[in-house]
Novice: 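What follows is a structure written as structure tokens; I'll ask about it next.
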Amino acid sequence: MPRTTVPSTLCALAFTFTLLCTGCGSTDSDSGDAWSGTIDTLASGEIIVRNTGGAVWSPEEAWQVVEEVRIGRDTGDDALLLGSIRSFDVDARGWIYALDRQTQAIHVFDSDGILVHTVGGQGTGPGEFELAHALDLSANGQIWVMEMQKGRLTFLDATGNYLNGTRIASTGWSYFPYPGGMDPLGRYNAAVLVEVMDDYDLALARFSQDFVPLDTIPIPESSEPREQFELVTDGGGMMATSIPFRGSFEWRFSPSGNFWTLLTDKYELAEITASGTTLRRVTLDHDPIPVTPADLEEVRENLNWFTRQGGKIDWSKIPDTKPVTSSFFCDDEGNLWVMRLTESPDDEGFLFDLFDVDGRFLGAIRLPFSLESNPEPIVRNGLLYGITTDELGAENIVSAQVLKP
């Protein structure tokens with residue numbers, strides 16, 4: 001099976017057709033005088049978008065995010081205390097379906113944030129869960145719940161009544177966030193293991209809304225090796241820890257039916273097909289964030305557990321700068337929201353860089369609340385939904401209007 005890769009370099013000998021934009025004043029193809037960058041088309045057809053100058057938005061055109069509803073902040077006697085939201089989805093009415101990891105229950109809230117009912121719960125009977133990882137809504141309003149470690153998918157009707165269930169694969173392992181679920185085209189993607197040569201790879205088995213098998217595709221992977229500090233124990237086992245300040249590889253489903261990926265250390269976005277063909281690559285010029293002596297001292301403390309076991313730290317492999325991004329998501333119009341990092345950790349989850357469907361940098365937004373990157377935020381019909389935390393550290397579900405002047 002072909003593996004999805006994201007090349008880190010471009011062929012210098014490729015023929016390019018370059019369009020130098022002196023400005024594009026909106027999120028469509030109209031030209032203006034704000035944005036500057038280059039859009040190059042390689043001989044292979046791959047499009048390279050380099051954002052090197054100003055944003056598309058003027059100060060008057062920047063979007064605003066205004067909080068409307070928050071669930072979980074009320075501390076009254078009858079208030080529902082949310083434990084840990086593992087997954088959530090939103091239906092066409094704006095009703096929110098949230099899966100609580102601690103109670104294994106699904107809480108359903110109307111568009112005003114009022115609790116309508118709670119279904120599911122901890123247990124082994126029909127419609128009950130032990131290790132629920134992901135919740136998705138089908139086109140007809142059914143609730144699909146995946147227990148990844150069991151490889152079991154349960155189908156509930158719109159009111160939470162048990163319909164049936166099926167076993168996808170007996171895996172015995174789990175990931176958070178769940179690397180699958182319903183994509184914007186309405187295909188359900190189940191994470192499965194497939195045999196490749198003498199090993200196994202994680203892949204996505206795709207199904208229709210009627211749960212008819214469609215195909216199996218590889219999960220996007222970075223072609224760049226992600227090194228770790230490793231230790232072979234006396235018993236022949238292996239211990240490993242990630243190298244601090246090295247970037248990560250993130251991916252999301254795209255409304256176009258493809259994938260978008262992000263290399264956080266390079267600030268490089270790429271749109272790729274299911275077969276691994278890169279259609280578009282997007283970069284944004286940025287100032288690096290230096291790794292400070294205080295950062296390194298914190299690293300020493302955090303890696304004490306590893307060095308006490310005999311692990312060796314190669315300090316030369318720790319980069320001098322930190323990634324300026326940590327995650328991203330796509331909205332229902334295909335715009336990309338990239339979570340931006342700064343030298344202040346207090347900014348994480350508040351700042352986002354936005355790009356249009358062509359990869360042009362629209363501008364930056366500071367939200368009135370922080371957003372968790374997992375579960376993935378949802379932007380649908382002009383509303384942003386996500387998980388945030390209140391001043392006491394408790395999880396809240398928030399919805400907000402996205403205002404576009």
Side-chain angles (χ1 to χ4, degrees), residues 27 55 57-101 106-116 118 135 137 177 184 252 255 325-342 344-356 362-405:
T27 58
W57 291 335
S58 66
E60 297 76 22
E61 294 171 322
W63 297 354
Q64 301 293 323
V65 174
V66 179
E67 181 176 328
E68 282 198 332
V69 174
R70 183 177 290 237
I71 302 167
R73 184 164 57 185
D74 186 0
T75 58
D77 292 339
D78 297 328
L80 173 66
L81 297 177
L82 301 175
S84 175
I85 301 303
R86 177 53 60 96
S87 178
F88 77 98
D89 205 348
V90 182
D91 69 12
R93 300 168 295 181
W95 286 26
I96 300 169
Y97 296 67
L99 171 63
D100 192 321
R101 179 184 63 83
I106 300 167
H107 306 299
V108 182
F109 304 91
D110 68 14
S111 58
D112 294 321
I114 297 173
L115 179 66
V116 178
T118 295
L135 173 152
L137 300 177
R252 301 294 194 187
T325 67
S326 61
S327 186
F328 77 111
F329 61 93
C330 304
D331 65 24
D332 56 349
E333 296 178 347
N335 302 302
L336 303 171
W337 299 55
V338 180
M339 188 178 291
R340 190 68 182 262
L341 303 179
T342 71
S344 172
D346 294 336
D347 285 334
E348 184 169 1
F350 287 92
L351 298 178
F352 287 83
D353 291 336
L354 268 76
F355 299 81
D356 67 14
L362 295 174
I365 286 181
R366 184 178 181 88
L367 304 185
F369 45 78
S370 65
L371 276 184
E372 300 292 329
S373 57
N374 294 305
E376 180 180 351
I378 296 171
V379 179
R380 191 172 297 160
N381 299 324
L383 290 172
L384 167 66
Y385 304 87
I387 306 301
T388 188
T389 53
D390 62 19
E391 59 277 4
L392 299 177
E395 284 194 349
N396 295 171
I397 303 171
V398 65
S399 68
Q401 274 196 313
V402 181
L403 303 177
K404 304 176 183 179

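In this text the structure is predicted, and so the values were computed from the model without any measurement.
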Novice: Apply side-chain contact (heavy atoms from CB on, under 4.5 Å) to residues Asp91 and Tyr97 and explain how you reach the verdict.
Specialist: CA-CA 8 Å; Asp91 69 12; Tyr97 296 67; 3.3 Å; yes

Novice: Is there a donor-acceptor pair under 3.5 Å between the side chain of Thr388 and the backbone N or O of Ser370?
Specialist: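 At least one qualifying donor-acceptor pair exists.
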
Novice: According to ring pair (Phe, Tyr, Trp, His ring centres under 6.0 Å), who are the partners of Trp337, at least two apart in sequence or on a separate chain?
Specialist: Phe329

Novice: Report the C-alpha distance between Val108 and Trp95 in whole Å, list the side-chain angles of each, state the deciding distance to 0.1 Å, and finish with yes or no for side-chain contact (heavy atoms from CB on, under 4.5 Å).
Specialist: CA-CA 7 Å; Val108 182; Trp95 286 26; 3.9 Å; yes

Novice: Taking only residues two or more places apart in sequence or in another chain, which ones pass salt bridge (Lys or Arg N to Asp or Glu O under 4.0 Å) with Asp331?
Specialist: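 Not a single residue meets the salt bridge (Lys or Arg N to Asp or Glu O under 4.0 Å) criterion with Asp331.
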
Novice: Would you say Asn396 and Ile71 make side-chain contact, with heavy atoms under 4.5 Å?
Specialist: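 Asn396 vs Ile71: side chains apart.
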
Novice: Apply side chain to side chain donor-acceptor pair (under 3.5 Å) to Ser327 and list each qualifying residue two or more places apart in sequence or on a separate chain.
Specialist: Arg252

Novice: Drop me the distance from Ile387's CD1 to Glu376's CD, to the nearest 0.5 angstrom.
Specialist: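 CD of Glu376 is found 12.0 Å from CD1 of Ile387.
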
Novice: Heavy atoms only: give me the nearest Pro255-Cys330 pair and the separation to one decimal.
Specialist: CD-CB, 4.0 Å

Novice: Quick one: list whatever passes salt bridge (Lys or Arg N to Asp or Glu O under 4.0 Å) with Glu348, sequence neighbours left out.
Specialist: none

Novice: Can you check whether Leu403 reaches Trp63 side chain to side chain, under 4.5 Å on heavy atoms?
Specialist: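 The answer is no, as the side chains (C-beta and beyond) never meet within the 4.5 Å cut-off.
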
Novice: What heavy-atom pair brings Leu362 and Ala55 nearest, and what distance separates the two atoms?
Specialist: O-CB, 3.1 Å

Novice: Do Phe355 and Asn335 come close enough that some side-chain heavy atom pair is under 4.5 Å?
Specialist: no

Novice: Please name all residues satisfying salt bridge (Lys or Arg N to Asp or Glu O under 4.0 Å) with Arg380, sequence neighbours left out, ordered by chain then number.
Specialist: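 For Arg380 the salt bridge (Lys or Arg N to Asp or Glu O under 4.0 Å) partners, ignoring immediate neighbours, are Asp89.
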
Novice: What pairs with Pro177 under side chain to side chain contact (heavy atoms under 4.5 Å, CB included), at least two apart in sequence or on another chain?
Specialist: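 Per chain and number, Pro177 pairs via side chain to side chain contact (heavy atoms under 4.5 Å, CB included) with Asn374.
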
Novice: Can you see which heavy atom on Ile96 is nearest to which on Ile397, and at what distance?
Specialist: CD1-CG2, 4.0 Å

Novice: Using the side chain to side chain contact (heavy atoms under 4.5 Å, CB included) criterion, which residues pair with Ser87? Sequence neighbours excluded.
Specialist: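 Listed in chain order: Leu99, Ala134, Leu135.
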
Novice: Answer yes or no: is there a side-chain heavy-atom contact under 4.5 Å between Val398 and Leu371?
Specialist: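 In contact.
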
Novice: Quick one: do Arg101 and Glu395 make a salt bridge, cutoff under 4.0 Å?
Specialist: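 Not counted as a salt bridge, because no side-chain N and carboxylate O are separated by less than 4.0 Å.
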
Novice: Please report the shortest heavy-atom distance between Val338 and Phe328, naming the atom on each side.
Specialist: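 Result for this residue pair: CA-CB, 3.9 Å.
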
Novice: With rounding to the nearest 0.5 Å, note down the distance linking OG in Ser84 to CG in Asp100.
Specialist: 7.0 Å

Novice: Residues in side chain to side chain donor-acceptor pair (under 3.5 Å) with Glu372, at least two apart?
Specialist: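 If we apply the side chain to side chain donor-acceptor pair (under 3.5 Å) test to Glu372, skipping adjacent residues, there are no hits.
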
Novice: Determine whether Phe350 and Arg340 make a side-chain contact, defined as any pair of heavy atoms from C-beta on separated by less than 4.5 Å.
Specialist: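 Not touching, per the 4.5 Å side-chain cut-off.
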
Novice: With heavy-atom distances below 4.5 Å as the criterion, would you say the side chains of Pro405 and Glu61 are in contact?
Specialist: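 No, every pair of side-chain atoms sits at 4.5 Å or beyond.
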
Novice: With rounding to the nearest 0.5 Å, note down the distance linking OG in Ser399 to CD1 in Ile378.
Specialist: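 Ser399 OG to Ile378 CD1: 11.5 Å, rounded to 0.5 Å.
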
Novice: Say you draw a straight line from CG of Leu351 to CE of Met339; how long is it, rounded to the nearest 0.5 Å?
Specialist: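 If we round to the nearest 0.5 Å, Leu351:CG and Met339:CE are 10.0 Å apart.
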
Novice: Flag the pair Leu367 / Ile365 as yes when at least one side-chain heavy-atom distance between them is below 4.5 Å, and no otherwise.
Specialist: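 SC-SC contact between Leu367 and Ile365 confirmed.
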
Novice: Under the side chain to side chain contact (heavy atoms under 4.5 Å, CB included) rule, collect the residues that match up with Pro368, sequence neighbours excluded.
Specialist: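 Side chain to side chain contact (heavy atoms under 4.5 Å, CB included) check on Pro368 returns Val65.
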
Novice: Any side-chain heavy atom of Asp332 sitting closer than 4.5 Å to one from Asn381?
Specialist: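 Counting from C-beta outward, Asp332 and Asn381 do come under 4.5 Å.
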
Novice: Can you name the salt bridge (Lys or Arg N to Asp or Glu O under 4.0 Å) partners of Arg366, sequence neighbours left out?
Specialist: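 If we apply the salt bridge (Lys or Arg N to Asp or Glu O under 4.0 Å) test to Arg366, skipping adjacent residues, the hits are Asp347.
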
Novice: Would you say the side-chain atoms of Asp390 pair up with the backbone N or O of Leu392, donor to acceptor, closer than 3.5 Å?
Specialist: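 Flag set: sc Asp390 to bb Leu392 pair under 3.5 Å.
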
